[in-house]
Amino acid sequence: VSHAARRGRSVGVVYLNNAATAWPKAPGVAEVVAAAIEAAPSVVGRANGDETGVLDGCRAALARLLGLEDAARIALTAGGTEALNLAILGAGARAGDLVVTTEAEHNSVLRPLERQRRVAGIRLEIAPLDGDGLIDRAAFEELCGRGPRLVVLCHSSNVTGRVFEVEELFATARAAGAVTLLDACQSLGHVRIDYGSCGADMIAFTGHKGLMGPPGTGGLAVVGDLKVEQVLVGGTGVRSDLLVHPPELPTRLEFGTPNVPAFAGLKAALEWAEGEGATHARAAEEMRERLVEGLTTTPGVRLFGASGSGPATPIVSFGVDGWSAEEVGYALATGFRIACRTGLHCAPLIHRALGSAPEGTVRCSPSGFTSEEDVDTALGAVRKLAGAA
Ligand SMILES: Cc1ncc(COP(=O)(O)O)c(C=O)c1O
């Protein structure tokens, strides 16, 4: 019995909500977090309570994953949202500067940008999507032609799972002189990201989804000599003589006492993935395909976006005729003990293009720990709701 099946069975739930947060976490994570909380601080303490070099080890594992030579270019953050805020607020866009993003984005991109529009006076343009939830290339190129200061793209939609061709889109943005920011929160761990070739000046990521670490962990990787402006400053445990926050990465973008136990857990997850990650990602992809196939052949079920075609992370969004998305989620949870997610999924703008506005979609997101039996239980339940079984 797999790690997941053991956990799933112990609580009697089919967990198909890994795009919200991976569960179970990678094997060993819980134990490492507990041990890090229990461990006594050493007499000769390192900075910030990081007694055993957990933070450096975590950055090193992330650098290996991203193909980044200098691990110091990765600032550890309290999640993807914090990383995106630091990047967006620190990118140097001023009143009158144009910032371009897309309708596929999560609120952790849209809200900081909208705030900058209202408070700092940036001009914000949002590239539309087509009916498959793909970025309208012509519109995007036209917006880049207007000379944006910053272009922000998500790597993979958290509603459709679709992976965007960010290399090409960022090439257009960079040719126009823009700083580029990739929201890799839904993709890292599922899709290989090579820092050198993806065209992003900054990559924001989270630790609790595809990386299968604890929530409240994440980071921002910054390339080359880009000087991200500091928006949050304070104690760092180093250079206490300075009245200004230290300017060097990673300390430049790190502040306060870090959540060392959580990063110990993320480090353990990353090290586990160095051995098992590729197999795990393939297994998740197989479960996505099984879901897509089963839902596509169920009368009364509509798949949204490009869920069924092209590269995608393990996410499937759908609707059932005669039911609201919320009703489907409620029925799956209460009638079948299946955990999925319904609604807008914090990505309010994509639904117009997909045709799922205003109520959103039912989203099932397996992981490599999801069993065929789990998927078949979910498919059987949806068929019942659709009146097809
Ligand atoms: C596409 C996307 N960006 C950003 C985030 C925010 O990440 P976090 O939950 O670590 O703040 C999420 C997840 O909630 C996401 O799906």
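None of the values given here were measured: they were computed from a predicted structure. Excluded from the calculations below are hydrogen atoms, water molecules and symmetry mates; all remaining heavy atoms, backbone and side chain alike, are included. Just follow the structure's listing: the first ligand is 1, and inside any ligand the first atom is 1.
Inclusion of Thr217 in the set of residues having an N or O under 3.5 Å from an N or O of ligand 1 is not warranted. An N or O contact shorter than 3.5 Å is missing between Cys185 and ligand 1 by distance. Taking only nitrogen or oxygen atoms, main chain and side chain alike, Thr206 reaches within less than 3.5 Å of ligand 1.
The distance from ligand 1 to the heavy atoms of Gly79 drops below 4.0 Å at these ligand atoms: 10 (O). Residue contact check: Lys209 has heavy atoms under 4.0 Å from atoms 12 (C), 13 (C), 14 (O), 16 (O) of ligand 1. Those atoms of ligand 1 with a heavy atom of Asn158 less than 4.0 angstrom away are 16 (O). Listed by number with element, the atoms of ligand 1 under 4.0 angstrom from any heavy atom of His208 are 8 (P), 9 (O), 10 (O).
Judged by distance alone, with hydrogens and angles left aside, the side-chain atoms of Arg239 form no donor-acceptor pair with the main-chain N or O of His245 at under 3.5 Å. Within the 3.5 Å criterion, the main-chain N or O of Thr21 finds no donor-acceptor partner in the side chain of Lys209.
Nearest non-hydrogen protein atom to atom 15 (C) of ligand 1 is His106 CD2, 3.3 Å. In terms of protein heavy-atom proximity, atom 16 (O) of ligand 1 is closest to Gln186 NE2, 3.0 Å. Counting only heavy atoms of the protein, atom 6 (C) of ligand 1 lies nearest to Thr81 OG1, 3.4 Å. Looking only at protein heavy atoms, the nearest one to atom 1 (C) of ligand 1 is Asp183 OD2, 3.4 Å. Summary of contacts: the protein heavy atom closest to atom 8 (P) of ligand 1 is Gly80 N, 3.5 Å.
Proximity of Ile203 to Cys198: side-chain heavy atoms (C-beta onward) are separated by under 4.5 Å at one or more points. Residues Leu89 and Arg115 are in side-chain contact: their nearest non-hydrogen atoms beyond the backbone lie under 4.5 Å apart. Two residues are said to be in side-chain contact when any heavy atoms from C-beta on lie closer than 4.5 Å; His345 and His106 fail this criterion. Side-chain contact between Leu84 and Pro112 is absent, with no heavy-atom pair separated by less than 4.5 Å. Side chains of Leu98 and Ile122 form no contact here, defined as non-hydrogen atoms less than 4.5 Å apart. For the pair Trp272/His280, a side-chain contact is recorded, criterion being any heavy-atom separation below 4.5 Å from C-beta on.
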Test side-chain hydrogen bond (donor to acceptor under 3.5 Å, both in side chains) on Ser197 and Asp194; report intermediate values, then the result.
CA-CA 6 Å; Ser197 58; Asp194 179 52; 3.1 Å; yes

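Remark: distances from the non-hydrogen atoms of Ser108 to ligand 1 include one below 4.0 Å. For the pair His345 and ligand 1, no heavy-atom separation below 4.0 Å is found.
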